[in-house]
Each structure stands twice: as structure tokens, then as C-alpha cells.
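Accompanying notes for the structure given below.
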Number of protein chains: 2
Amino acid sequence: MDASAILERIAFRDEPAKSAEPIRARINVGTAGLCSECSLRHLCLTVGLDALATKAFEQIVSARVRIGKGETLFRPGEPFRALYAIRSGSCKSVLVTEEGREQVAGYHMRGEIVGIDGLSTRFHESEAVALEDSEFCTLPFDRLEEFARRDARLQHGLHRLLAAEVARERNVMLMLGTMRAEQRLASFLLDLSRRYRDRGYSSTEFILRMTREEIGSFLGLKLETVSRLFSRFQEEGLIEVHGRAVKLRNPAALKEIIGQRG
Amino acid sequence: MDASAILERIAFRDEPAKSAEPIRARINVGTAGLCSECSLRHLCLTVGLDALATKAFEQIVSARVRIGKGETLFRPGEPFRALYAIRSGSCKSVLVTEEGREQVAGYHMRGEIVGIDGLSTRFHESEAVALEDSEFCTLPFDRLEEFARRDARLQHGLHRLLAAEVARERNVMLMLGTMRAEQRLASFLLDLSRRYRDRGYSSTEFILRMTREEIGSFLGLKLETVSRLFSRFQEEGLIEVHGRAVKLRNPAALKEIIGQRG
DNA sequence: CGACTAGTTGAGGCCAGTCAATGTTGGTGG
DNA sequence: CCACCAACATTGACTGGCCTCAACTAGTCG
């Protein structure tokens, strides 16, 4: 089987969908291979690679996937074949246990990489759902590994990527384990703020892509609690909220809230 | 600087200790290099390596560290140089934030590998504290990376190790985000049970190495709550507790508790 | 023995969950 | 354009689970 056939298999996700509704993922093979011109290359795995290596890296990133809002990029139980770099849009990752316990494990925006959850068992364990129409670059993992064996810089990048995921989850653990509701929400807002800033957007004004329920699930709270806290923060002049539009009026005060007693 | 000098630097931790009390870590260089005979080789990074590669791997594992109960293997802020395989004993890892927020992030026993927390920033972000006198094999990370570039099996093993840590933390997230106190404790006990079983110990009778406070910190609960739950589980005939000695009398019922409603 | 740490148990309070009613928004079709 | 509907969001009243504070007990080590 040649490379393009493998890529088609990956791109078209040839295993049967586990769920009733069809996956309407579409693919643009033609537009692939532009890492060296990608505005996100300083956020992606190409960090640390020189121009030549980036060109070589483009050979790996040979497929793009577009999915619509609410559609899934991968589902629990599906074989793990690739990581996905978010080229545009955003997604959430959702954990589901046998007993039906469900939790939003993360919220990911452009320039970030999702799919690591499948690396441990070689099957995806979580679900990635687009929160808006989104586009992803497919990074076939076996080819990444091969590249990493030849290039220590990419190896480093890959390790750092995995380690960053560990670090991110550790922070979530800390939040869930030690913070009270208002601290969790403040922490969530400041985290978003920082990440939007890193991407060149406003750090004080942004649109939430998640519902109150999804935010609550991520923060270990109920949607009513989240809603109440938004209202309270607004009353206290910390933020302005109109539905999903949020403006941070006093980030310093939010930071202070997080620092308060155990 | 030759290899043994590097190892000495690692072993004797030449950077100044951040805390008042001295680190009394001792080292046995002489006993290193026995991976091929180690009873834990099927749990360690050597999984998947053949005899020859395991022999080669021994060259990497060139130092052992012994530390006493309550002493630290590494501290936040220290440069990351190596991963540590627990050869005997156990340890906890503790997260500390700037604001003094503190949480036990994990409990690790023999055959497990700690220190991954330093990989992201190249500085350790958590503290590893021995819960009993313990012995660790030092795996210098640069040499691991070098080996992984030459041997795809070790590369796989390393990736799986990192991915397993991601998966472990995801489970902790789920626990902290969706479970009530009794479910968290049940989940904790069954997790220990499984891991002791995997190591050839009894899965129903074991000694806790952590205090109630440490367990509580890990589970996002207060020590009083943990204590009360132990008592209640005992009243209900689920377990027997005498201080830190625990006997699971009805693991199935513990499993059921976890499965209960949201 | 006394000091100390770890653990247990009780009483009461508060934070967040639960249940429920109402308001708002966005998409669809007449 | 508006009516309608479903999904999302807000707000209130009440409940309950876990925390807080506190007293007491059981080991442990000098």
C-alpha cells in the first residue's frame, strides 16, 4: 500500500462509525503541505525545526480534515492513527466511562494538538467534538515517530507535546482538587484569556464556544452554578457577560480570587 | 566531563537544596546495571526489548538512589535530568502552586516511573517524597532519548510511558470532576487493589502508606471526611480498617458504589 | 512518662447541588 | 416577516454533602 492510499484510509476513516449519526467529515488533500507558510507554525510541532526540516515535515502533514459544528473528529474505541493539529476552529474532548459517567476533559483552540488520548492503548479513549466548523491537519503518528528517530529536534518537540499535556492535566487536577467554584471559574476565564492572547486575539474580550453545561462539566460544577457565578462576577464588576460574549473588566481581581485561602 | 562524573553530579544532586533540611540521599553505583535480572523488567521501560537490547539498556541505568522515608527525590524548581524507576518502596508526588495551594497528585509504587513532571519545562514542577525507605533507578533522560532514536521499541515504550501518565491523570480528573466522596474513596481502594495484584501482592489486604490527610489531598477531600468514610465502609461490611491496614471484604460492592448515579 | 503525630467522632454551618419556573436566543417553516 | 419550537440560560427556594471547628483517643518515640 503506498503512502497516498494510507492517507486516504486515514482521511476517510474507513472503520465503521460506532454511533448512529453519520460522520460527514470532508477532506482537502490538495491543500496540504504548507507548514512553512502556516501562521501557526510557531505553536505547532514545527517549533524548533529549521526551514529545511519544516519542509520535510510537510511531507508528513498530508491531509486535512474539515468537520462541522457538533461533529466528532474521533470517538472512543476508534483505532489511534494520528494526532490532529487544529488549523481553525475549536473542539472539546469528552471522557466517557463504562458507567456512563461523562466529563469534558478539555477545550482546545487553533494551534493546539488533540488525539494524544489514543497513544496509550492505541485506541482513542475520549471523543473530540467540534464546537464550531473546524479544520484539522492530520499527523499520522507512525510517520511522526519515524521522523522523530531521524531528527532529535522533532523528538524533543514530540516529548514536549506529551509533557505539556501531562502538565495541563495536572493543572486541571489542582483546580478540581483544591479550588472552590468561584476560583475554578476565575481560573477558567484567565486560562482562556491567556490562550487567546497567545494567538493574537484580545485577552479581555472573547466569545465562549462552550455552553454553560460544558463549562460546568469541565470545572466539575453544575450549569446553574456556572450561570450564577457569571451573574455574580458581573454584579461585582469583574466581568461583563452577554450570553457567550465575555469581557474581563478586572483580571487582577480574578487573579486575586484564585489566590484566596484554601 | 566523562560519564561517571555526570552520573555523580546527578546522583549527588549538586545544586543547592531549596529547603532547610538536608537531603540525605545515598547512592550505590556498584549495584547498577541489572535490568536483565530485575524482577520488575516486565513493568519497566524494558518492556518490549529483547535480551540484547535490555543489556544495552542497562548501560543507561547506571545509578541507583536510596532515600529514607519522608525524604525527597526531587523538588520543584530543580533541573530535570532523569526519570526514576521505583525499584523498591513507594512515593507520593505533590504539586505546589505559587499561592501555596498544595495537592497530592499521585501515589507511586515499585515498578512505576516518576519524574515526568519535569519534562515539559526541563525543571521539576512537583515534589516526590518517599513514603517509606525506597530505592530508585536513575534513567538520565538525554540518554533515554538517544537510545530511543536508535531503537523504535524503546521509543514506543517511552511514548507509551508518557501516554500512560496522561491517561492516569485523566482518570484522576474524572474522579475529581464527577464523583462524590464515597465514590472517590472506593475508586482509590480499588485502584490500589488492582496495582497490588499486578505486583503479585494480595489484592484484598494491604497497608496504606499514606496518612488520611494525604489520601484526602489526593481525593480532593478533607482528612475528617476520609476518616468518616473508612468508618462507614467498615460499618457497612465493605472493608475492615485498623489504622493503615485495610482489608477489602466486598470489592464488588465498592465497584457498585462507583457506578451509582451522577 | 510526656510530647507529638495520626486518627476518630461529634455538632453545626455553608457551599454547591437539586428541583422548578421563567426568560432568552436562534433556527425553521409558513 | 412573524410564529413557533427547541436549546440554552437565568433565577429562586430548598436540600444535603462536605467542610470547619473542636474534643478526644491511640500509638510512637525520646
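All chains are named by letter (A, B, ...) in the order of the sequence lines, taking the proteins before the strands, and each is independently numbered beginning at 1.
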How many whole angstroms separate atom [atom1] of [X] from atom [atom2] of [N]?
X        : N      : atom1 : atom2 : result
B:Met179 : C:dA16 : CE    : P     : 21 Å
A:Arg184 : C:dG17 : CZ    : C1'   : 13 Å
A:Leu229 : D:dT10 : CG    : P     : 11 Å
B:Phe230 : C:dA6  : CZ    : C1'   : 13 Å
B:Glu182 : D:dG16 : CD    : P     : 15 Å
A:Arg209 : D:dC8  : CZ    : P     : 15 Å
B:Gln234 : C:dT8  : CD    : P     : 9 Å
A:His242 : D:dT10 : NE2   : C1'   : 15 Å

Assign [X] to base, sugar-phosphate, or nothing according to its heavy-atom contacts below 4.0 angstrom with the strands shown.
X        : answer
A:Ser231 : sugar-phosphate
A:Leu223 : base
B:Gly216 : nothing

Would the distance check show the side chain of [X] and the main-chain N or O of [Y] forming a donor-acceptor pair, the cut-off being under 3.5 Å?
X        : Y        : result
B:Asp133 : B:Gly68  : no
A:Gln234 : A:Val241 : yes
A:Gln183 : A:Gln260 : yes
A:Thr72  : A:Arg75  : no

Problem - Reading 5' to 3' through nucleotides 24-30 of chain D, protein heavy-atom contacts under 4.0 Å coded B for base, S for sugar-phosphate only, - for none - result: -------
For a quick test of reading the model: is some side-chain N or O of [X] closer than 4.0 Å to OP1 or OP2 of [N]?
X        : N      : value
A:Arg244 : D:dA9  : yes
A:Thr225 : C:dG17 : yes
B:Thr211 : C:dT5  : no

The side chain of [X] lies closest to which of these nucleotides: [options]?
X        : options               : value
A:Arg212 : C:dT18, C:dT9, D:dT10 : D:dT10
A:Lys222 : C:dT9, D:dT11, C:dG17 : C:dG17
A:Ala181 : C:dA16, D:dA9, C:dT8  : C:dA16

Practice task
Flag yes if more than 12 heavy atoms outside A:Glu213 fall under 6.0 Å of its CD atom; otherwise flag no.
Solution key: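 It does not: A:Glu213 CD has 12 such atoms or fewer within range.
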If the threshold is 4.0 Å, N to carboxylate O, is there a salt bridge linking [X] and [Y]?
X        : Y        : answer
B:Arg168 : B:Glu165 : yes
A:Asp191 : A:Arg194 : yes
B:Glu99  : B:Arg101 : yes

Is [X] side chain donor-acceptor paired with the [N] base, going by distance under 3.5 Å alone?
X        : N      : value
A:Glu214 : D:dC8  : no
A:Arg228 : D:dG12 : yes
B:Glu224 : D:dC18 : no
A:Arg180 : D:dT20 : no

